[in-house]
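Just below is one structure, and these are the notes that go with it.
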Amino acid sequence: MFNNKLLVTFLTVFSTIFFPAEVFGLSNSADSGWKASPELVEELMKQRSETNYSEQRVPKYTLPDPLVLSDGTKVTNAETWRTKRRPEILEIFRKYVYGRAPIGKPKNMAFKVFDLERKALAGLATRKQVTVNFTGKKDGPKMDILIYLPNAVKTPVPIFVILNFGGNHTIHPDPAIKLSESWMRPGSKGVVKNLANEESRGRGRARFPVEKILKRGYGLATIYYGDIDPDFHDGFKNGVHPVFDKLIDGERAPDAWGSIGAWAWGLSRSMDYFETDDDIDNKRVAVLGHSRLGKTALWAGAQDERFAFVISNNSGCGGAALSRRRFGETVERINKSFPHWFCGNFKKYNGKEDDLPVDQHMLIALIAPRPVYVTSADKDLWADPRGEFLACKNAAPVYHLLGVKGLGVKAMPSLDQPVQKGAIGYHIRSGGHNLTQYDWQQFMDFADMHFAAMGRN
Ligand code: GTR
């Protein structure tokens, strides 16, 4: 009798060795991967009739080719990518999407370590709190970085840096974390008259598994995004904008940086600090963000190549999702709801996504060949999970040109089946718009893989 099981095992092993699924496109036939629940689609379409949540109604579109220069020349080698196409794409994102931030480190920027505790969290961590004063002036804009480093690691530590929504003191109940004095959005526990009080301490801890991160040998650095620029539209009068803006006849330029540009710039300033801190392995810094801060992490990592690994969690429109699909949140919708996030020029593309000289796969391509990880969530159709996956897939040719394996699959994976085959990682998780322990787990697994290969210096 023929042993069927044996035959199947043999054929599977044989075919994976000789016919890699990636090459033949068999790994995920279009039908095997994730699909939005039809009930959810129906329900959402009822709630927001102006928004498209149906795959059938995605218009036909052609993506700009990241490997063709704007004069039509094909990019066929790493050198042309580096010296011509990459700068060209960066410039387009600056001019038409996020706006132009000041270049480099501000001249008189000053760092002050105002807290250093080597026995924090019952001895598990070293805690540091650092004020970054962007102008060096007493009353100038500043941000506080909260850092936890694992004491078990005796060499400089790789870290994750993440902007937070509620203030550094909300990420952990540790009573020594400075209570933020910055402007806070109303409506959350422990916020009165736009100021945080003790009741908000540790409020956001579910999104920050600090102890788990430390036990896996990573450090965590976090900054309240409102320190850099409060997240409301005030005509760019607060935060870092008025200090660094160069007005033309009293007006901001159409390509002046918006809030995402400012938050990303703040992340680069935290990197300036990490470079001065011997306890941190500044060659292995991962920048991470959720939602609007996921858009920010991508833009920060795209511009600043000191970030070794970039993670976008549920970033959606203006982040990892392709704008041309017009699925869930659109360019017009985001510009209307959040006029301060992008630059003035971006508004020209309201309803005209096909005219954009870039799409978001090119933002991911700017990160190449560094590792990047993009996540979606099953119920987060507003962020267009398929559009996020397709952006990863369409960024992959740039990774390949640079000699690095990109995504490693052709079609969307199934729910909770992370793709971690190349330098582009991706998963779609069960559940809604959130940053969960599951997500962190994947980021750390991916970091283990890529950071180990990187070594130091
Ligand atoms: C939503 C916005 C999204 C996303 C999200 C968030 O209201 O439409 O683009 O960024 O906010 O940041 O939580």
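Here the structure is a predicted model, which means the values were calculated and not measured. When a ligand or atom number is given, it counts from 1 through the structure's own listing order.
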Distance col, row Ser312:OG vs Tyr426:OH, nearest 0.5 angstrom, shows 10.0 Å
Roughly how far, to the nearest 0.5 Å, is the NZ atom of Lys84 from the CD1 atom of Ile89? 14.0 Å
Does ligand 1 have an atom that lies less than 4.0 angstrom from a heavy atom of His433? yes
With heavy atoms under 4.0 Å as the rule, classify the contact between Ile334 and ligand 1 as side chain, backbone, both or neither. side chain
What is the ring orientation for Tyr349 with Phe346, classed by angle as parallel under 30°, tilted 30 to 60°, or perpendicular over 60°? tilted
Identify the closest protein heavy atom to atom 5 (C) of ligand 1: which residue and atom is it, and at what distance? Ser291 OG, 2.9 Å
Top protein contact for atom 11 (O) of ligand 1, by heavy-atom distance: Arg292 NH2, 3.0 Å
Tell me whether the guanidinium CZ or amine NZ of Arg48 lies under 6.0 angstrom from the six-membered ring centre of Trp382 and within 45° of its axis. yes
For Trp341, the ligand 1 atoms with a heavy-atom partner under 4.0 Å come out as 9 (O), 10 (O)
min-distance protein heavy atom vs atom 7 (O) of ligand 1 -> Phe338 CZ, 3.4 Å
Lys178 charged N/C atom sitting above Phe114 aromatic ring, 6.0 Å / 45°: yes
Protein heavy atom at shortest distance from atom 8 (O) of ligand 1: Glu329 OE2, 2.5 Å
Result of checking Arg429, Gln420, His427 against Gln442 for side-chain hydrogen bond (donor to acceptor under 3.5 Å, both in side chains): Gln420
Would you call Lys295 a ligand 1 contact, heavy-atom distance under 4.0 Å? yes
